[in-house]
Protein chains: 2
Amino acid sequence: MSKGTASDHILLSHGSGGKLTHQLVEELFVPYFRNPSLELLEDSTPFSAGEQRLVMTTDSYVVDPLFFPGGDIGSLAVSGTVNDLLAGGARPAYLSAGFILEEGLPLADLKRILASMRDAAREAGVQIIAGDTKVVPRGAADKIFITTAGVGYCRAHLTVGARSVTPGDVILLNGYLGDHGIAVMAEREGLRLPQEVVSDCAPLTGLLLPLFDAELPLHALRDPTRGGLSATLNEIAQTAGVTIEIDESRLPVRTGVLAACEILGFDPLYLANEGKMLIFLPESRAEQALELLRAHPLGQEARQIGRVMERGRPQVRLLTEIGGRRILDMPLAEQLPRIC
Amino acid sequence: MSKGTASDHILLSHGSGGKLTHQLVEELFVPYFRNPSLELLEDSTPFSAGEQRLVMTTDSYVVDPLFFPGGDIGSLAVSGTVNDLLAGGARPAYLSAGFILEEGLPLADLKRILASMRDAAREAGVQIIAGDTKVVPRGAADKIFITTAGVGYCRAHLTVGARSVTPGDVILLNGYLGDHGIAVMAEREGLRLPQEVVSDCAPLTGLLLPLFDAELPLHALRDPTRGGLSATLNEIAQTAGVTIEIDESRLPVRTGVLAACEILGFDPLYLANEGKMLIFLPESRAEQALELLRAHPLGQEARQIGRVMERGRPQVRLLTEIGGRRILDMPLAEQLPRIC
């Protein structure tokens with residue numbers, strides 16, 4: 001694989017959520033669109049309307065295949081954007097949806113996708129209030145791409161963001177890692193896995209609003225999608241300038257995902273999730289947060305997986321099950337293209 | 001061409017901005033996403049944040065070729081969404097941008113597009129505050145697609161919308177028709193036109209804010225993009241339940257566009273525009289509005305092109321230059337795919 005810096009063309013790895021994605025964003029997009037909001041590089045961006053603070057976010061969805069166990073491009077396009085609003089400390093309220101359709105797309109597929117979007121929007125408590133449809137000739141796109149943007153209402157007491165992460169914070173996670181990545185990959189490649197793996201794709205509104213309502217001092221929320229746990233933790237370590245330590249023995253991974261990873265040569269810590277949230281907050285409030293999380297069906301496996309250590313060298317360390325330590329690096333390359 | 005109703009697949013004409021687009025939106029998208037805002041079928045949708053009313057809109061851009069005289073997919077992606085916010089009676093404030101890139105896209109092209117977006121955003125007075133990039137393998141998309149969403153602040157005294165259009169309103173237009181459609185088409189097909197035609201692609205913030213500031217009783221604003229003047233006026237006639245009469249002799253079309261239309265067999269009234277606005281307001285305030293429009297470089301050719309006649313049969317009539325009348329129908333099929 002080319003290293004990207006030397007390349008003068010877009011590479012698949014520019015979309016991996018890893019180092020090359022960050023390089024593209026930081027060296028190209030941010031300089032061109034320079035403004036203080038964008039430079040924070042959070043998943044969503046605050047703005048004001050009178051007294052009210054809002055956040056805005058967007059994501060494009062190009063997942064292949066369109067339908068996979070546990071979801072489809074429609075549920076993904078709603079859940080992913082809703083979860084980014086939640087990660088901004090906001091109550092998700094409104095979505096827009098731009099559809100790029102390839103000529104020849106079966107209307108039955110489109111209807112199924114729209115029904116998924118409707119159901120996910122209902123579950124998430126959001127309204128889809130604006131839309132657009134473009135059709136391109138056969139071969140100019142692959143079936144359907146959806147770009148959603150979202151707007152949410154900031155919770156007054158919350159100023160979450162990677163910059164607020166501080167030594168002493170613990171890191172909570174609401175459930176199993178890697179389900180989405182393996183579910184999509186297996187469906188795409190037509191693999192028969194020893195155990196079926198179902199994507200965790202879901203909007204996390206119901207899981208997280210109780211934490212907002214309880215006015216917990218949440219320092220950061222981040223959904224580990226492209227690039228997985230590893231990319232997300234590395235982003236936060238970089239931004240906050242801290243070392244993060246993760247306890248491997250506490251990381252929940254289903255046996256089906258582990259088995260698939262062994263067959264395929266993947267690492268579950270780099271696999272995309274679409275219904276997971278990493279929650280950073282002071283240790284003193286961790287138990288209260290875990291109780292609230294576990295009271296929701298999507299948080300029954302919630303647990304503390306690590307903590308924020310000293311300031312200084314930004315890195316993510318993994319305490320391995322046999323007692324060793326290894327650096328969990330930002331992924332460089334594309335592990336699974338078109339995963340979301 | 002199949003008629004669409006009989007088809008169970010997406011046709012190119014579903015993206016034309018004409019009858020099939022409306023059918024798709026009204027029979028499929030609106031029923032699935034049912035909510036009062038979406039049913040208004042305006043180009044942008046209002047929502048509230050405390051005392052402040054905002055509007056949200058989105059559009060996907062798939063124009064082919066990426067670069068054309070007068071603009072590129074980047075300036076288009078900013079201008080089109082900004083103009084939809086203005087058409088909602090709002091001051092454009094924030095944009096998000098989702099990029100779908102094809103593996104192999106030259107970085108030089110991406111940089112040129114980002115520079116155009118930056119310049120158009122500056123001209124429009126908006127900030128691009130959220131973004132996302134996905135990369136798909138070669139052949140899964142055509143170079144680059146951009147979806148922008150926008151948020152703007154409603155002007156308190158304005159409640160513009162096709163439903164407010166009423167008999168006695170006059171219709172103003174700020175300049176020449178069809179430039180964008182012909183510029184893109186000529187570039188795509190490598191045509192040598194007798195006169196070069198340059199797209200009118202531009203954000204209209206500077207043109208329209210003075211009309212908002214003057215607190216003119218604007219009844220509707222609409223930018224005649226896909227499907228051109230004809231599709232836009234038919235939409236408004238349908239929604240308002242009125243007959244609209246347009247005076248052909250007052251329609252400004254450049255000789256270069258007329259010549260190209262003759263060669264190519266197009267009608268300028270169905271061609272896309274990307275820097276034009278149709279403005280409906282009571283006749284008594286038309287002169288004041290025209291003065292304000294003409295004071296801006298993008299409004300020097302502003303003029304009244306028609307008026308709203310009786311309620312009842314929703315239709316658009318053209319008074320021809322030789323004194324006849326003909327019905328200007330909603331376009332059924334695709335005149336020019338991938339025009340925006």
Side-chain angles (χ1 to χ4, degrees), chain A residues 8-12 14-15 21 24-25 28-29 32-33 35 37-38 44-45 47 49-52 54 56-60 62 94 96-101 103-108 110-111 114-115 118 127-137 140-142 145 147 149 151 153 337-338, chain B residues 8-12 14-15 21 24-25 28-29 32-33 35 37-38 44-45 47 49-52 54 56-60 62 94 96-101 103-108 110-111 114-115 118 127-137 140-142 145 147 149 151 153 337-338:
Chain A
D8 51 6
H9 291 77
I10 288 290
L11 309 173
L12 265 183
H14 280 121
T21 304
L24 187 72
V25 170
L28 208 56
F29 288 86
Y32 276 106
F33 298 153
N35 65 66
S37 308
L38 199 63
S44 66
T45 309
F47 65 98
E51 300 287 286
Q52 178 71 57
L54 298 148
M56 185 175 194
T57 187
T58 193
D59 262 319
S60 293
V62 299
Y94 301 107
S96 64
F99 296 85
I100 296 171
L101 310 178
E103 178 189 15
L105 177 75
L107 279 178
L110 180 57
K111 286 179 185 172
L114 294 178
R118 174 197 61 203
Q127 287 193 320
I128 298 171
I129 61 167
D132 179 56
T133 307
K134 293 293 188 310
V135 181
V136 297
D142 189 9
F145 301 142
T147 301
V151 167
Y153 297 108
R338 296 187 67 185
Chain B
D8 52 4
H9 291 77
I10 288 290
L11 309 173
L12 265 183
H14 280 122
T21 304
L24 187 73
V25 170
L28 208 58
F29 288 85
Y32 275 106
F33 298 153
N35 66 63
S37 308
L38 199 63
S44 67
T45 308
F47 66 97
E51 300 287 287
Q52 178 72 56
L54 298 147
M56 185 175 193
T57 189
T58 192
D59 263 318
S60 293
V62 298
Y94 301 107
S96 65
F99 296 85
I100 297 171
L101 310 179
E103 179 188 15
L105 177 75
L107 279 178
L110 181 57
K111 286 178 186 173
L114 294 178
R118 175 198 61 202
Q127 286 193 321
I128 298 171
I129 61 168
D132 179 56
T133 308
K134 294 292 186 311
V135 181
V136 297
D142 188 9
F145 301 142
T147 301
V151 167
Y153 297 108
R338 297 187 67 186

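All values reported here derive from a predicted model rather than from experimental measurement. The sequence lines fix the lettering, A, B, ..., with proteins before strands; numbering per chain opens at 1.
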Full working for side-chain contact (heavy atoms from CB on, under 4.5 Å) between B:Leu54 and A:Val151: CA-CA 11 Å; B:Leu54 298 147; A:Val151 167; over 6 Å; no
Please flag which part of B:Glu103 lies under 4.5 Å from any non-hydrogen atom of chain A: side chain, backbone, both or neither. both
Select, from B:Gly50, B:Ala115, B:Gly104, the one with the greatest count of heavy-atom pairs under 4.5 Å involving chain A. B:Gly104
Distance col, row A:Tyr32:OH vs B:Ile128:CD1, nearest 0.5 angstrom, shows 12.5 Å
Are the side chain of B:Lys134 and the backbone of A:Val62 linked by a donor-acceptor contact shorter than 3.5 Å? no
Shortest non-hydrogen pair, B:Val135 vs A:Ile10, comes out as CG1-CG2, 3.7 Å
Correct closest heavy-atom pair for A:Ala149 and B:Met56 would be O-CE, 3.7 Å
So, the part of B:Leu28 with a heavy atom under 4.5 Å from chain A: the answer is both
If you look at every heavy atom in B:Val136 and A:Leu12, which pair is closest and at what distance? C-CD2, 3.8 Å
Ring-plane angle category for A:Phe33 and B:Phe99, please: parallel below 30°, perpendicular beyond 60°, tilted otherwise. parallel
Which atoms of A:Leu105 come close to chain B, meaning under 4.5 Å heavy atom to heavy atom: side chain ones, backbone ones, both, or neither? both
Nearest heavy-atom neighbours spanning A:Phe145 and B:Ala141: CE1-CB, 3.9 Å
Please confirm whether the backbone N or O of B:Ile129 pairs with a side-chain atom of A:Thr45, one donor and one acceptor, at under 3.5 Å? yes
Donor-acceptor pair, side chain of A:Asp132 and main chain of B:Thr58, under 3.5 angstrom: no
Of all residues at least two apart in sequence or in a different chain, which pass the side chain to side chain donor-acceptor pair (under 3.5 Å) check with A:Asp59? none
Interface check, chain B: of A:Ser96, A:Ser60, A:Ala97, A:Pro137, most non-hydrogen pairs under 4.5 Å belong to A:Ser60
When rounded to the nearest 0.5 angstrom, what distance separates CG in B:Leu107 from NE2 in A:His14? 6.0 Å
If we define contacts as heavy-atom pairs under 4.5 Å, which of A:Asp142, A:Leu114, A:Thr147, A:Thr21 has the most with chain B? A:Leu114
Can you tell me how far the CD1 atom of B:Ile100 sits from the CD1 atom of A:Ile100, to the nearest 0.5 Å? 4.5 Å
Minimal heavy-atom distance between B:Arg338 and A:Ala140, with the atoms involved, is NH1-CB, 3.7 Å
Who pairs with B:Ser44 by side chain to side chain contact (heavy atoms under 4.5 Å, CB included), at least two apart in sequence or on another chain? B:Val55, B:Thr57
